[in-house]
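Okay, structure first, notes after.
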Amino acid sequence: MLEKNSLILFFTSYANNVWKRLGTKDFVLSTSMYNHRELEKKWQAYWGKQQTYKTLDPDQWHGENKKFYGLVEFPYPSGHGLHVGHIRSYTAMDIITRKKRMDGYHVLFPIGFDAFGLPAENYAIKTKTPPAVTTRENIANFTRQLQSIGIGFDWDRAVETTDPAYYKWTQWIFLELFKKGMAYKASIPINWCINCKIGLANEEVVNGRCERCGGPVEKRMKSQWMLKITAYADRLLNDLESTDYLEKIKTQQREWIGKSEGVNYKQRVKGTDIVLESYDSVPQTFMAQTFAVISPEHPFLPRLIAGLPEEQAVLEFVEKFKRRKIEQGFEIDKEIEGIFTGRFLDNPFGTGDLPIWAASFVVADYGTGFVNCSAHDERDFAFAKKYGIPLKVAMLPKDPEEAQKVKDLEYCYHHDPEGVLLYPEEFKGRTWADARDDIIHYIKEKGFGYPSTNYKLRDWVFSRQRYWGEPIPLVKCTHCAVTKGGEKLTLSFYDQGGWEAIKQERKTIETRALNPEEPERYFDNVKAGDIIHAINKETQEVLAFEVETVFHFQNLSELFDRKDLLPQICSKDIPQTLNEFEKSYEYSSDYVERINRHGLVAWKWKLQSVYVPLSLEQLPLELPKVEHYEPTDSGESPLASVTDWVKTTCPDCGHEAIRETDTMPNWAGSSWYFLRYIDPRNDQVFAGFEKLKYWMPVDWYNGGMEHTTLHLLYSRFWNKFLADYGYVPTSEPYQKRTSHGMILGEGGEKMSKSKGNVVNPDDIVEQYGADTLRLYEMFMGPFDQAIPWDPKGLEGCSRFLTKLLKMQEEKVRSGYQDDRSVLRLLHKTIRKITQDIDSMGFNTAVSSAMIFLNEALKAEAVSLLAFEKFLTVLSPFIPHLAEELWEKTGHSTSIFQETWPAFDAELAKDEEIELVVQISGKVRGRLLVSPAITKEEALTLAYQNKDVKKWLEGKTVRQEIFVPGKIVNIVAN
RNA sequence: GCCGUUGUGGUGAAACCGGUAGACACGCGGGACUUAAAAUCCCGUUCCUUCGGGAGUGUGGGUUCGAGUCCCACCAACGGCACCA
């Protein structure tokens with residue numbers, strides 16, 4: 001012992017520097033330091049043992065009847081460990097929820113891990129380590145780190161998306177979506193990353209490159225599971241009104257949904273039977289249209305140009321376009337290029353035939369992929385100028401000079417609400433903004449087109465051909481499902497009657513009038529063995545059925561003669577006369593007429609289920625072990641090679657069947673995790689309804705700006721879907737959403753391993769302690785803004801804690817009568833911190849605490865009562881030290897069981913204020929006065945002031961302004 | 001190009017509804033304690049200055065008794081979207 005002491009004395013001169021490096025600062029040298037490592041461990045153990053942060057179920061809560069559900073985005077447990085950015089967000093919500101607890105709320109503040117996804121899988125490919133193993137290790141590490149910074153999570157409720165007990169319900173929700181027709185399989189052009197061999201959602205493609213590997217992306221046709229999020233587009237848009245998201249987050253959501261209203265025109269291509277539709281969101285100037293443009297990727301384009309002299313040139317252009325699109329990573333907006341197709345549009349507006357061009361600037365998958373163009377659109381204008389296509393104006397500015405310029409086509413004049421229309425005749429003189437609705441009506445009345453709405457939002461590509469994700473719990477049955485190819489025709493049903501008939505197989509004969517103009521729609525090429533899909537347009541439910549026999553009839557009379565078929569066609573009474581029979585076919589005015597002109601097809605069918613869902617008892621469908629984690633070159637999931645897993649029996653018929661081998665995207669598990677926290681161990685349902693009713697919606701959700709479009713949209717969609725079927729109580733999951741700013745590296749750049757500027761929170765906790773780290777992250781700058789990391793900043797926060805300790809040891813006296821000024825500042829501080837926590841002004845809350853501490857240390861002493869109040873409002877920021885000091889001041893229970901201190905407005909009031917005297921807006925003097933001083937009194941005092949007298953010498957007073965409590969301004973010259 | 005955010009000392013930043021610009025913290029300079037260093041404490045720290053004062057919140061205008069804050073035009077940085085007809 002003696003030896004050790006002398007050693008310390010001997011080495012004190014540089015010990016501080018040395019032990020910081022060696023990390024051996026595990027003894028207390030003086031009162032000005034504290035052993036954060038031991039102290040923090042002590043309180044973390046205490047909280048664990050006392051279950052300080054355990055959230056009781058509603059029926060066990062006996063406190064006040066008010067709840068608060070605070071949510072933070074659960075982390076992806078990467079191998080790099082916790083990022084200091086996580087700590088910023090988690091500490092903020094930790095502070096908010098601790099305060100809510102102290103305000104008497106029943107608080108839910110949970111955490112979990114979103115652990116499916118590419119990094120673990122890519123690591124597995126590289127090292128052959130099963131993702132389950134790395135994930136387990138990473139979760140253990142993250143858990144340790146999160147606990148080491150003292151975030152008050154209820155660890156009993158922790159969830160992991162990779163846990164079969166969790167993804168059982170992710171699979172269940174998917175099956176619900178499937179059963180309700182919200183999941184469907186479609187062959188679509190998907191974004192295919194050549195490097196990763198994986199299909200990407202639109203949102204994972206950044207500037208034409210893969211978001212993850214940065215490699216090139218190409219379009220490939222692939223059969224994918226899709227979720228019909230577009231069916232919820234309007235509600236996802238409109239319901240934003242009822243939420244309290246930051247305005248910029250709402251804007252992002254709105255723009256991603258991208259609702260646009262306008263009209264569709266239906267127009268015949270001259271000399272063909274092709275009818276093309278175009279979408280126009282600015283129909284006011286439709287009379288200006290002088291040409292049309294079709295997307296090079298439009299499916300009708302080859303038919304359009306077939307046999308024309310231009311055909312070869314156009315096909316070459318299309319080829320060149322597609323190649324360039326891949327090579328240049330979609331950066332094709334530099335120069336717009338096009339080619340005349342040789343076709344003309346038979347313009348129904350009577351303004352002449354419009355030449356049809358194919359051009360790079362029209363995208364295939366928005367609207368109809370075909371556009372009518374005019375001088376009143378910037379891109380159209382530029383294109384026409386480049387290729388010398390005639391233009392015509394249909395709207396002019398009010399200013400005559402400008403109008404002349406527009407007439408001369410000097411620039412593109414567009415989207416001016418005050419623009420005056422020239423055509424059509426009926427609208428001459430009306431303004432662009434005012435005429436819009438009437439023009440749309442006019443276009444509809446004239447039969448030129450009909451109102452239509454478009455969204456940028458696309459259906460959600462929900463399948464991945466990857467290993468590390470939730471298996472899609474469907475079985476492809478070879479017995480009760482037919483999987484032959486052939487074009488799948490679609491039969492839609494608006495009416496519930498027809499739909500029910502199909503579902504119950506009441507009718508086994510379907511008939512359709514033929515129409516050579518639209519062969520696809522009217523089934524004149526239907527063959528036995530075809531799979532036809534019927535879609536209920538109301539519910540979006542899809543059923544498949546196989547065509548058994550096909551019958552063709554010239555007219556209704558021929559069909560009426562097949563008396564053997566009639567009972568299967570007519571659901572009610574069988575008509576006795578042809579006349580009666582015809583009547584039953586009068587869906588629309590010309591339907592019978594069309595049948596008698598072109599004929600009619602009828603076919604016998606049987607209902608099919610191509611994909612059969614597993615039953616609840618069969619869930620979870622666990623991921624099997626595999627040998628290789630690489631996706632195959634053909635793009636199939638590695639699961640496809642696990643033959644004994646793929647081979648199974650059909651849950652419906654029991655015959656041999658094959659499993660779906662696609663897995664879900666990593667968005668799946670995070671789309672409902674906030675629901676699972678509420679009832680995390682329930683094995684009967686994903687969460688009990690009564691508990692959901694108590695806790696939902698989430699009162700406050702904080703996360704990164706990078707998740708404010710997709711994750712937010714997807715999870716809102718799932719929640720709405722579940723709400724529609726009565727599984728969750730609220731249609732919107734999150735009442736309030738805020739976002740934290742990123743923490744950047746020291747140089748102001750994003751932290752990344754390659755730049756070597758990553759800060760490891762473990763190092764900071766080791767050196768300074770968790771409380772210092774927390775305090776610094778809250779103090780470093782405005783919460784919603786990106787801030788570079790500054791190691792020096794930690795010092796100031798560390799000093800603050802040392803001073804706080806010093807205050808407790810040297811200044812706190814029980815029963816001391818506090819100085820009036822200290823008491824006043826205390827209550828001002830309580831008020832400031834209370835308000836700042838609610839508005840996320842953490843940086844100014846910390847600064848006000850610093851101000852108080854600085855002042856209090858100057859006082860002779862501070863009462864125990866005052867110190868306790870100060871410590872209480874500070875405790876959410878620095879929970880460990882707060883508990884320690886609370887204990888030191890004689891308490892045996894946790895500080896977090898205290899009530900949040902109320903501030904006394906009377907005590908916080910100033911007795912004397914500094915009133916600034918300005919002469920003509922310049923500060924010339926100051927007066928110490930009562931806050932209640934009147935204008936007259938203040939002016940009298942001001943005029944007595946010698947500086948003021950000096951400045952007013954030889955001047956005439958023009959005006960006297962008095963702002964109570966602030967300023968006196970004497971205007972003189 | 002469009003949308004959003006932000007421009008204030010050497011640095012991170014404060015500044016409520018238009019009312020003392022630069023709180024708080026870092027850094028730096030000086031001092032105290034010490035043989036010395038670290039730690040700690042105290043003083044100073046926007047710039048210019050003839051020590052009276054003057055200028056100053058990205059730039060240029062405007063409104064006002066008074067503008068970092070409001071209005072107009074512009075510039076720059078960051079983030080998001082990007083041929084959406």
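We name chains A, B, ... by the order of the sequence lines, and we start the count at 1 in each one.
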Touch class at under 4.0 angstrom, heavy-atom based, for A:Val846 against every strand present: nothing
Would one find a side-chain N or O of A:Lys456 under 4.0 angstrom from OP1 or OP2 of B:rC2? no
Touch class at under 4.0 angstrom, heavy-atom based, for A:Lys966 against every strand present: base
Between B:rA39 (C1') and A:Lys803 (NZ): distance, integer Å: 14 Å
Once you apply a heavy-atom cut-off of 4.0 Å, does A:Ile961 come out as touching a base, just sugar-phosphate, or nothing? base
Determine: side-chain N/O of A:Ser920 to OP1/OP2 of B:rG66, distance under 4.0 Å, yes or no. no
Answer with yes or no whether the side chains of A:Glu277 and A:Thr368 bring together a donor and an acceptor at under 3.5 Å. no
Donor-acceptor pair under 3.5 Å, A:Glu914 side chain vs B:rU20 base: yes
Under 4.0 angstrom, heavy atoms only, what part of the nucleic acid is A:Asn372 near: base, sugar-phosphate, or nothing? nothing
Look at all strands and tell whether A:Asn843 reaches a base, only sugar-phosphate, or nothing, counting heavy atoms closer than 4.0 Å. sugar-phosphate
Here the distance between atom P of B:rG52 and atom CG of A:Asp947, to the nearest Å, is 12 Å
Please classify the nucleic acid contact of A:Gln918 as base, sugar-phosphate, or nothing, using heavy-atom distances under 4.0 Å. base
Checking N1-N3 plus N6-O4 or O6-N4 for Watson-Crick, or N1-O2 and O6-N3 for wobble, each under 3.5 Å, the partner of B:rA77 is B:rU5
Base, sugar-phosphate, or nothing: which does A:Phe779 touch, judged by heavy atoms less than 4.0 Å apart? base
Do A:Asp910 and A:Arg824 touch side chain to side chain, with heavy atoms closer than 4.5 Å? yes
Does B:rG9 count as syn, meaning its glycosidic angle lies within 90° of 0, or as anti? syn
Under 4.0 Å, counting only non-hydrogen atoms across every strand here, what does A:Arg924 touch: a base, just sugar-phosphate, or nothing? sugar-phosphate
Pick base, sugar-phosphate or nothing for A:Val971, based on heavy-atom distances below 4.0 Å to the nucleic acid. sugar-phosphate
Nearest to side-chain heavy atoms of A:Val923, which nucleotide of B:rA15, B:rU20, B:rA85: B:rU20
Taking the chi torsion of B:rC17, is it syn (within 90° of 0) or anti (everything else)? syn
Donor-acceptor pair, side chain of A:Arg737 and main chain of A:Tyr245, under 3.5 angstrom: no
A:Asn969 near the nucleic acid: base, sugar-phosphate alone, or nothing, with a heavy-atom cut-off under 4.0 Å? base
Using a strict cut-off of less than 4.0 Å between a Lys/Arg side-chain nitrogen and an Asp/Glu carboxylate oxygen, indicate whether A:Glu795 and A:Lys792 qualify as a salt bridge. no
Remember a base hit wins even if backbone is also touched, and classify A:Trp951 as base, sugar-phosphate or nothing at under 4.0 Å, heavy atoms. sugar-phosphate
Measure from the side chain of A:Ile336, starting at C-beta and using heavy atoms only, and say which of B:rG19, B:rC83, B:rA13 lies closest. B:rC83
Whether the side chain of A:Asn264 engages the backbone of A:Pro451 through a donor-acceptor N/O pair (distance < 3.5 Å, no angle test) should be reported. no
Does a side-chain N or O of A:Arg799 approach OP1 or OP2 of B:rG27 to a distance below 4.0 Å, or not? yes
Looking at B:rA85, I'd like to know if its phosphate oxygens (OP1 or OP2) sit under 4.0 Å from a side-chain N or O belonging to A:Tyr366. yes
